[in-house]
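First the structure, in the form of structure tokens, and then the observations on it.
Naming: A, B, ... by sequence-line order, numbering from 1 per chain. Values reported hereafter were calculated over all heavy atoms of this structure, with side chains retained and with hydrogens, waters and symmetry mates removed.
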There are 2 protein chains.
Amino acid sequence: MTAASLAQDLSAAIHAHRIAPGTKLREDELSDIYSVSRTIVRSALQALAHQKLVDIQRNRGASVASPTPRDAHDVFEARIMIEPQMAQAAAQKAMPDDIAILRQHIADEHAAVLAGDRGQALALSGQFHVEIARMADQSIIAEFVRSLVERSSLIIALYWRKPSTLCESDAHHALLAALASHDGPATHKLMTQHLTDLHSSLDLHMQGSEIVNLKDALRR
Amino acid sequence: MTAASLAQDLSAAIHAHRIAPGTKLREDELSDIYSVSRTIVRSALQALAHQKLVDIQRNRGASVASPTPRDAHDVFEARIMIEPQMAQAAAQKAMPDDIAILRQHIADEHAAVLAGDRGQALALSGQFHVEIARMADQSIIAEFVRSLVERSSLIIALYWRKPSTLCESDAHHALLAALASHDGPATHKLMTQHLTDLHSSLDLHMQGSEIVNLKDALRR
DNA sequence: AGGATGAATATTGTATACAATTAACTCAAG
DNA sequence: CTTGAGTTAATTGTATACAATATTCATCCT
């Protein structure tokens, strides 16, 4: 188990909401669970801190990031500023293969929802957005979008109003259609609307996340 | 000397072009120079790697990042995609204080050029762009722009065609005027032009950076 | 001479010991 | 009871020792 794979594992657990925002991540606890030295654990935690997935406070340790309402606002504001433009560019460059990939994403997402795998559905839903940025052939911005999507996942874990409903499928279908027909302006508009909807369906007042037992949430 | 301040110090040295892209950064050499343990050095290097200022290859150590022509293209492509939009938003929100800050930036930059402090001039020129993103009240994107500007500094160090001329002052003046008069579309256009000019005045073919002695380039 | 081989050296990767700091607890005073 | 100081335990920060890997250099064979 290397530092990178540990970070990957923790990241997956955070995104799947197996460990709640705010959960303390003590170094020797993690080093016990994964049977590595604290050196490795620290390295992984620092990497996750750079991705804003965990908070590190000097002499006070690490915990799963717990975005404030302000953070949530800022992240979605940024996405609304960037992603419609990327979607518009993607519509112009879209190749048949790209469309096929997106279609597959939607199908997988649908399957995950049916299987009741909320975490997987959310991950795929996010990847849909990253894939669009990649289609626009903007590798650096695509990476930035990926980081925003990751942070959004945490935010949704905290502030999503209706945990049951998964209402975005329609929006993704509409985006796919606009992309396939190379309609840049329509794609731009749809993406703006989609992100605005997402943002406005957050309840930035709710709080309170239960802290779970790490050994249970993480494998072994 | 903490890890953060070491990273800051190295970052400044890189941006001031006191250590050239490609220069090897051996851990015990740095730990000697700064009189800290390798633990601290490693932490600082990892932080800089996240900022893409240094390259780390497993078992092969760290070196100052040496962006490829492809990297240079991607970075400026990203800036051209983002910054005009930010500038347009900034033009709408610009407050008198903001304008004053930008005016000061330009003055300082001019002074640095006259003083022959090329590194300082470049830094201030970059801050001008970051400040605009901040004016648009987009903290997250402002941070992203900051990272792009930092990478641009490295790229300019490698690929800038005419090391003597400092031709951007005019562009910044024009941008300032457009911002002050709240002319969004004009600001957007000027920023696009400015970045396009910058990009096209790079010579992506030149290579070859001399490796310098670290102890000389870094203090003590 | 040119290239392969393998020791010797240099450099990075990881674990662990110890120091510094923070959090938890005890117990007495009000 | 509650509050606070002082002590103990838990946790993170840093240095260092050792292991693993890469690089260098001398040597040998063709």
Side-chain angles (χ1 to χ4, degrees), chain A residues 1-10 13-14 19-66 209-218 220, chain B residues 1-10 13-14 19-66 211-218 220:
Chain A
M1 169 76 57
T2 173
S5 64
L6 199 167
Q8 181 54 45
D9 207 68
L10 279 174
I14 292 172
I19 40 185
T23 306
K24 206 100 211 313
L25 300 171
R26 269 183 278 103
E27 294 177 357
D28 49 2
E29 184 172 8
L30 290 173
S31 79
D32 272 2
I33 293 175
Y34 287 98
S35 307
V36 292
S37 74
R38 277 179 51 217
T39 306
I40 307 296
V41 172
R42 281 177 75 84
S43 173
L45 288 176
Q46 279 191 320
L48 292 172
H50 278 285
Q51 301 171 37
K52 310 272 190 189
L53 284 183
V54 316
D55 264 355
I56 296 184
Q57 291 179 298
R58 186 180 172 85
N59 287 323
R60 293 162 138 257
S63 49
V64 179
S66 185
S209 52
E210 74 288 7
I211 274 65
V212 297
N213 181 272
L214 273 192
K215 221 163 282 177
D216 294 342
L218 303 170
R220 91 185 55 171
Chain B
M1 170 76 57
T2 171
S5 64
L6 199 166
Q8 180 55 45
D9 207 68
L10 279 174
I14 293 172
I19 39 185
T23 306
K24 204 104 210 313
L25 300 171
R26 280 198 310 287
E27 294 178 357
D28 48 3
E29 184 172 8
L30 289 173
S31 81
D32 272 2
I33 293 174
Y34 287 98
S35 306
V36 292
S37 75
R38 276 178 52 215
T39 307
I40 307 296
V41 173
R42 281 176 75 84
S43 173
L45 289 176
Q46 279 191 320
L48 293 172
H50 278 285
Q51 300 171 38
K52 309 271 190 186
L53 284 184
V54 316
D55 265 354
I56 295 183
Q57 291 179 299
R58 185 181 173 84
N59 287 325
R60 295 164 137 253
S63 48
V64 178
S66 184
I211 273 64
V212 297
N213 181 273
L214 272 192
K215 222 162 282 179
D216 295 341
L218 302 170
R220 89 188 55 171

In terms of side-chain heavy atoms of [X], which of [options] is nearest?
X: A/R42; options: D/dT14, C/dT14, C/dG13; value: D/dT14
X: B/N59; options: D/dT12, C/dA15, C/dT12; value: C/dT12
X: B/T39; options: D/dT14, C/dA15, D/dA15; value: D/dA15
X: B/D28; options: C/dT12, C/dT21, D/dA15; value: C/dT12

Which pair of heavy atoms, one from B/A47 and one from A/H50, lies closest together, and at what distance?
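Between these two residues, the closest heavy atoms are CA-NE2, 3.8 Å.
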Separation of [N] [atom2] from [X] [atom1] (nearest whole Å):
X: A/L6; N: C/dG13; atom1: CG; atom2: C1'; answer: 15 Å
X: B/M1; N: D/dA15; atom1: CE; atom2: P; answer: 12 Å
X: A/D32; N: C/dT16; atom1: CG; atom2: C1'; answer: 14 Å
X: A/Q57; N: D/dT12; atom1: CD; atom2: C1'; answer: 13 Å
X: B/R26; N: C/dG13; atom1: CZ; atom2: P; answer: 14 Å
X: B/E29; N: C/dA10; atom1: CD; atom2: P; answer: 14 Å
X: B/D55; N: C/dT12; atom1: CG; atom2: P; answer: 14 Å
X: A/Q46; N: D/dG13; atom1: CD; atom2: C1'; answer: 11 Å

Let me see the working for B/Y34 and B/I40 under side chain to side chain contact (heavy atoms under 4.5 Å, CB included), right down to the final yes or no.
CA-CA 10 Å; B/Y34 287 98; B/I40 307 296; over 6 Å; no
To the nearest 0.5 Å, what is the distance between CZ on A/R26 and CZ on A/R38?
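One gets 12.5 Å once the value is rounded to the nearest 0.5 Å.
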Within-4.5 Å side-chain heavy-atom neighbours: B/D28 and B/V41
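A side-chain contact under 4.5 Å is absent here.
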Between A/R38 and C/dT16, is there a side-chain N or O to OP1/OP2 distance below 4.0 Å?
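No, no such contact exists.
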Phosphate oxygens OP1/OP2 of C/dA10: is one of them under 4.0 Å from a side-chain N or O of B/R60?
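B/R60 to C/dA10 OP1/OP2: no side-chain N or O under 4.0 Å.
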Verdict with supporting geometry, A/L45 and A/L25, side chain to side chain contact (heavy atoms under 4.5 Å, CB included):
CA-CA 9 Å; A/L45 288 176; A/L25 300 171; 4.0 Å; yes
Along DNA chain C (nearest heavy atom to each residue), the more 5'-positioned of B/E27 and A/R58
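Looking at the nearest nucleotide for each, B/E27 comes out on the 5' side.
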